[in-house]
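A short write-up of the structure that comes next.
Along the sequence shown, the residues carry numbers beginning at 1. When a ligand or atom number is given, it counts from 1 through the structure's own listing order. These values consider heavy atoms only, across backbone and side chains, with no hydrogens, waters or symmetry-generated copies.
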Amino acid sequence: GNKSASSDASSGGKDGKIIVGFSQVGAESEWRTANTKSIKDSAEADSQIELKFSDAQQKQENQIKAIRSFIAQKVDVIAFSPVVQTGFDTVLQEAKAANIPVILTDRAVDADPSLYKTMIGSDFVEEGRKAAKWMLDNVKTDKPVNIVELQGTVGSAPAIDRKAGFEEVIKDHANYKIIKSQTGDFTRAKGKEVMEAFLKSDGKNINVVYAHNDDMAIGAIQAIEEYGLKPGKDITIISIDGVKGAFEAMMDGKLNASIECNPLLGEQLMQAIKDVKAGKEVPKWIKTEEGIFDTTNAAKEFPNRKY
Ligand code: GZL
Ligand code: ZN
């Protein structure tokens, strides 16, 4: 809409609506589809907001293109979930020069914090710590524990931070060792493929799988079964997100624990958009609170799940 050059005044787009351009990572996981649904439903339900949505198919150049297009369309606010942490500085400078405020959801960027108003999302380092602490509490032994790690998308905030948090906790427990670590790009297919390779090289030597998301864990479960071992019994599997597929696997005893990562950010995003447009101060990081689920509480919690 035609905005006054000086501020983020509450002038909106057509018929006073706030026009928001949103660039989504892709549709790589159950978490992502739930996140997209939350954002679209919340925008739909909010009469003050009109959402322009683009799916980048997990490619950074598509996100940059989408953000440039939103700038050209002179949207009122740009929001996005950066597929990787680096490489967005230039396009964020362009948004700033166009006086369009930017809100990050879900993942952070390694850019000058003055280039965005707030980041709405989880503490991935804490999620990694929780995964390791669950393992220390539930795989208690002084014997060697060989861990294979399925990393998320290379260079993404969740992959970097979930690895850091997990390693921070196990560093003072020398018998717990990550013997193999490779990216499965947050998808079931790649997670299965990488787990097949781990089984080929380390087979019965593997005690634990640490997957940065449930979709890769579900792929790993398939690989372990095809290899002839019992997932959740012969090999302990710990993952992150808490999506429906994880609850079903935990109730089947094939997944041992899933650390919650809440994708339902839609409401918080709509509120942040309106606050930013109203020129209100917003916290630099709006954190989501999250739990821990495992085979002891999955069945009880399952009926409450919204994603
Ligand atoms: C976490 C999000 C991650 C999920 C994955 O906030 O960025 O990306 O954990 C998703 O399932 O692909
Ligand atoms: Zn410790």
Against [X], only a single residue in [options] fulfils side-chain contact (heavy atoms from CB on, under 4.5 Å); can you say which?
X	options	answer
Val20	Ile103, Leu51, Asp76	Leu51
Val209	Ile238, Thr236, Ile224	Ile224
Ser81	Thr105, Leu265, Ile39, Thr36	Thr105
Met135	Asn256, Ile170, Asn207	Ile170

Could you tell me if any non-hydrogen atom of [X] lies under 4.0 Å from any atom of ligand 1?
X	answer
Ser122	no
Gly121	no
Glu127	no

task: Please work out whether any backbone atom (N, CA, C, O) or any side-chain heavy atom from C-beta onward of Gln58 is under 4.0 Å from ligand 1, and answer side chain, backbone, both or neither.
output: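 The answer is neither; Gln58 stays 4.0 Å or more away.
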
Identify, for [atom], the protein heavy atom at the shortest distance, and state residue, atom and that distance.
atom	value
atom 12 (O) of ligand 1	Glu28 OE2, 2.5 Å
atom 6 (O) of ligand 1	Asp106 OD1, 2.5 Å
atom 9 (O) of ligand 1	Asp241 OD1, 2.6 Å
atom 3 (C) of ligand 1	Arg107 NH2, 3.8 Å

message: Within the 4.0 Å heavy-atom shell around Phe124, which atoms of ligand 1 are there?
response: 1 (C), 6 (O)

Residue Ser29 vicinity, atoms of ligand 1 by number, heavy atom under 4.0 Å: 5 (C), 10 (C), 11 (O), 12 (O)

message: Checking side-chain polar atoms at under 3.5 Å, does Glu28 have a donor or acceptor matched by the opposite partner on Thr187?
response: no

- prompt: Between the side chains of Asp275 and Gln271, does any donor sit under 3.5 Å from an acceptor?
  reply: yes

message: Under a 3.5 Å distance rule, please check whether Ser23 uses its side chain to pair with a backbone N or O of Ala66 as donor and acceptor.
response: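 Answer holds: no.
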
